[in-house]
Amino acid sequence: MKPASLSRKVHKWLFLFVGIQALLWTLSGVYMVVMDLDFIHGDHLVQNLREPLPADRGQLTPTAELLERFQGVKSIRLKALQTVPHYVIHTDDGAHLIDARSGSKVSPIDGDRARALAEHYYAGSLPASSVVLIAENPPPEIGARALPLWRVNFDDRYGTSFYIDPNTGALATRRHNYWRAFDFFWMLHIMDYEERENIHNPLLLTVTIVSLTGVLAGLILLFYSFGRRNKTASTTAAAGGAL
């Protein structure tokens with residue numbers, strides 16, 4: 001079989017199978033390129049993430065007292081939550097949130113406190129529309145983050161959801177509809193339809209190799225196509241000169 005004919009068949013049949021995926025690669029690639037990553041990360045939705053400690057801190061509970069109360073302390077950090085200083089203590093049992101002035105433990109926080117913190121972190125003006133504690137069956141959009149988490153939803157044009165850690169009061173992550181679309185396109189792009197993380201999965205590798213073979217066959221076919229056109233043009237010119 002001639003190289004041109006073989007290239008045509010290879011190109012045609014291979015892209016008959018991978019053509020749709022090639023189109024999805026293009027569409028998903030365009031979306032991921034044109035969207036600003038800071039916007040996708042939801043930076044425009046958040047404020048007060050790094051709240052300064054109040055100048056008037058009053059009498060704080062000594063850390064030595066906390067070391068006596070909690071076993072297996074790994075770290076103690078002082079931070080402000082809604083202008084009030086708090087200790088975040090990490091122990092072998094997990095994280096604990098302590099009011100630094102009274103020394104009382106405030107974690108795990110309840111839904112009302114999670115709502116108040118989410119509205120404190122939220123850069124918009126709308127109140128939260130719903131609060132749900134997620135203790136099991138986490139939605140795919142939060143990945144492998146540890147549970148439980150409070151999910152606080154805002155009925156804004158972005159479909160914003162904030163996830164609040166009940167043990168620290170921290171904003172664990174934020175999601176919105178443009179991020180969800182980005183994640184969907186990312187899934188299509190890397191062809192990992194479960195975890196959406198593995199860019200070395202066998203399916204992606206196989207389709208990539210098949211696509212590359214099809215592209216190379218197309219390049220060979222293109223070479224023969226232009227070669228034949230140039231030959232035809234030369235023959236026509238020669239015939240005209242003879243006349």
Side-chain angles (χ1 to χ4, degrees), residues 1-46 134 136-147 149 151 157-163 172-243:
M1 184 177 295
K2 294 181 179 180
S5 178
L6 177 61
S7 298
R8 183 177 294 106
K9 289 187 176 181
V10 169
H11 183 75
K12 178 179 68 177
W13 286 106
L14 288 184
F15 271 94
L16 183 63
F17 290 102
V18 300
I20 294 178
Q21 181 58 41
L23 177 61
L24 292 176
W25 277 335
T26 303
L27 292 175
S28 58
V30 168
Y31 183 83
M32 290 188 287
V33 167
V34 300
M35 298 302 293
D36 182 80
L37 274 183
D38 292 335
F39 175 81
I40 292 298
H41 291 158
D43 292 352
H44 61 293
L45 299 170
V46 180
I134 299 176
E136 57 184 4
N137 300 321
E141 66 182 27
I142 64 173
R145 286 176 174 77
L147 296 179
L149 288 174
R151 173 173 173 160
R157 59 176 175 156
Y158 301 107
T160 302
S161 298
F162 280 5
Y163 291 89
T173 190
R174 61 268 192 177
R175 297 291 183 251
H176 56 97
N177 290 336
Y178 292 91
W179 183 96
R180 296 179 182 105
F182 190 97
D183 185 55
F184 178 74
F185 281 124
W186 172 252
M187 175 193 70
L188 296 178
H189 205 79
I190 67 171
M191 304 184 76
D192 180 359
Y193 304 109
E194 295 182 357
E195 302 296 331
R196 306 184 182 187
E197 295 178 352
N198 184 11
I199 61 173
H200 302 291
N201 66 79
L203 178 59
L204 177 61
L205 179 61
T206 301
V207 176
T208 301
I209 292 174
V210 172
S211 299
L212 178 60
T213 305
V215 169
L216 293 176
L219 289 175
I220 295 173
L221 182 61
L222 193 65
F223 172 79
Y224 278 101
S225 297
F226 275 103
R228 185 171 60 182
R229 181 176 300 175
N230 292 337
K231 183 177 180 181
T232 301
S234 299
T235 303
T236 302
L243 290 175

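Worth saying up front: this structure is predicted, and the values here are computed from it rather than measured. The figures that follow rest on heavy atoms only: side chains count, while hydrogens, waters and symmetry mates do not.
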Inset, instruction - Check the pair Asp183 / Arg196 against side chain to side chain contact (heavy atoms under 4.5 Å, CB included), numbers first and verdict last. - result: CA-CA 8 Å; Asp183 185 55; Arg196 306 184 182 187; 2.5 Å; yes
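- The structure places CD1 of Ile142 at 5.0 Å from CG of Leu149, a figure rounded to the nearest 0.5 Å.
- Judged purely by distance below 3.5 Å, without hydrogens or angles, the side chains of Ser161 and Arg151 pair a donor atom with an acceptor atom.
- Formation of a donor-acceptor pair under 3.5 Å by the Gln21 side chain with backbone atoms of Leu188 is found in this model.
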Inset, instruction - Could you please spell out the steps behind the side chain to side chain contact (heavy atoms under 4.5 Å, CB included) verdict for Trp25 and Ser211? - result: CA-CA 11 Å; Trp25 277 335; Ser211 299; 3.4 Å; yes
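- Closest non-hydrogen pair, Ile190 versus Glu197, comes out as CD1-N, 3.9 Å.
- Judged purely by atom type and a 3.5 angstrom limit, Asp38 has no side-chain atom pairing as donor or acceptor with the backbone of Asp43.
- The closest side-chain heavy-atom distance from Asn201 to Leu205 is not below 4.5 Å.
- To the nearest 0.5 angstrom, Phe39 atom CZ is 12.0 Å from Phe182 atom CZ.
- Aromatic ring pairs are classed by plane angle as parallel below 30°, tilted from 30° to 60° and perpendicular above 60°; the pair His189 and Trp186 is parallel.
- Looking at His176, its side chain never comes within 3.5 Å of a backbone N or O of His41 through a donor-acceptor pair.
- No side-chain heavy atom of Arg175 sits less than 4.5 Å from a side-chain heavy atom of Thr160.
- Summarising the geometry of Phe162 relative to Leu45, their closest heavy-atom pair is CZ-O, 3.4 Å, with the distance given to 0.1 Å.
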Legend entry - Verdict with reasoning, Trp179 to Met35, per side chain to side chain contact (heavy atoms under 4.5 Å, CB included): CA-CA 10 Å; Trp179 183 96; Met35 298 302 293; over 6 Å; no
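- Contact record, Leu204 with Thr208: O-OG1, 2.6 Å, taken as the closest heavy-atom pair.
- For Asp192 (side chain) and Met187 (main-chain N/O), no donor-acceptor pair under 3.5 Å exists by modelled atom type.
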Legend entry - Criterion side chain to side chain contact (heavy atoms under 4.5 Å, CB included) on Arg145 and Tyr163, from CA distance to verdict: CA-CA 10 Å; Arg145 286 176 174 77; Tyr163 291 89; over 6 Å; no
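- With sequence neighbours excluded, the residues satisfying ring-ring contact (aromatic ring centres under 6.0 Å, His included) with Tyr31 are Phe185.
- For the pair Arg180 (side chain) and Gly159 (backbone), a donor-acceptor distance under 3.5 Å is present.
- More than 12 non-hydrogen atoms from other residues, nucleotides or ligands lie less than 6.0 angstrom from CG of Leu23.
- Annotation for Tyr178: atom OH does not count as buried by contact number, only 12 or fewer foreign heavy atoms lying within 6.0 Å.
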